[in-house]
Amino acid sequence: MARSDEAAAFFLAVYSAVREIPPGKVTTYGHIAKLVGTPQRPRQVGVCLKHLSQDPDSRHNHDNVPWQRVINSKGLISPRSQPSGARNQAAALEAEGVEVSTGSLGELSVDFSQYGWFPRSLPSEADEFDDVDDEEDEDEDEDEP
DNA sequence: CGCTTGACCTACG
DNA sequence: ACGTAGGCCAAGC
């Protein structure tokens with residue numbers, strides 16, 4: 001198995017995981033990284049999405065992968081380098097029905113307690129989350145020794 | 001062909 | 001609660 005294939009598999013895994021995110025919900029890069037089996041490589045997830053947005057001809061693009069539903073662990077949208085991208089992502093999230101709060105510095109924050117999609121119980125994703133009532137469905141089908 | 005940056009996260013001080 | 005440090009891999013220069 002060549003490393004290139006591994007990388008490609010990682011890309012596909014990320015796209016697949018992101019695609020699993022239901023509309024109106026958001027998740028973090030770290031969570032996606034865990035879902036793909038690489039909890040120690042959240043950056044690559046972002047890299048995948050970045051290339052994804054510039055790959056309209058590829059099998060995976062904006063229309064196929066809801067990259068906008070992926071944000072950082074702080075509950076804030078990564079400003080990439082310019083607020084344009086983050087702002088666009090926020091707009092897309094709002095279009096999905098996700099409420100995005102804008103800070104004075106132009107920071108876009110999303111409430112995980114409301115729109116956070118987290119299959120399987122994950123450790124402290126955020127800090128200030130005491131009670132999270134179950135509302136969505138949950139599936140467990142993997143194998144973890 | 002090698003160094004730097006980056007849509008990040010967790011842990012430690 | 002915030003700042004710093006370490007890790008990890010790919011794309012860009």
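Here is the naming used below: chain letters follow the sequence lines, and residue numbers restart at 1 for every chain.
Among residues two or more places apart in sequence or in another chain, the side-chain hydrogen bond (donor to acceptor under 3.5 Å, both in side chains) test is passed with A/Arg69 by A/Glu96. Annotation: side chain to side chain contact (heavy atoms under 4.5 Å, CB included) contacts of A/Val47 (sequence neighbours excluded): A/Gln44.
Contacts between residues 40-51 of chain A and DNA chain C, defined by a heavy-atom separation below 4.0 Å, involve A/Gln40, A/Arg41, A/Arg43, A/Gln44, A/His51, listed by number.
Distance, A/Asn72 CG to B/dT10 P: 11 Å, rounded to whole Å. Summarising the geometry, the separation between CG on A/Leu52 and P on C/dA10 is reported as 17 Å, rounded to the nearest angstrom. Atom CD1 of A/Ile32 and atom P of C/dC8 are 21 Å apart (whole Å). In this structure, the CZ atom of A/Phe11 is 7 Å from the C1' atom of C/dA10, given to the nearest Å. What separates CH2 of A/Trp67 from P of B/dC8 is a distance of 12 Å, to the nearest Å. As rounded to whole Å, 15 Å separates atom P of C/dA1 from atom NZ of A/Lys74. A/Tyr15 has its OH atom 12 Å from the C1' atom of B/dA7, to the nearest Å. Remark: P of C/dA11 and CZ of A/Phe10 are 12 Å apart, rounded to the nearest angstrom.
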Exercise. Would A/Ile21 and A/Ile32 count as a side chain to side chain contact (heavy atoms under 4.5 Å, CB included) if you check the C-alpha gap in whole Å, the side-chain angles of each, and the deciding distance to 0.1 Å?
Worked result: CA-CA 10 Å; A/Ile21 305 173; A/Ile32 299 294; 4.1 Å; yes
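Between A/Ser78 and B/dC8 there is a side-chain N or O to OP1 or OP2 distance below 4.0 Å. The side chain of A/Ser73 contributes no N or O atom lying less than 4.0 Å from OP1 or OP2 of B/dC8.
Between A/His31 and A/Leu35 there is a side-chain heavy-atom pair separated by less than 4.5 Å. Counting heavy atoms from C-beta outward, A/Val14 and A/Val70 have side chains that stay 4.5 Å or more apart. Residues A/Leu49 and A/Tyr29 form a side-chain contact, since some pair of their non-hydrogen atoms from C-beta on lies under 4.5 Å apart. Residues A/Leu12 and A/His60 meet the side-chain proximity criterion, which asks for heavy atoms closer than 4.5 Å.
Look at the C1' atom in both B/dA7 and C/dT4: the space between them is 22 Å, to the nearest Å.
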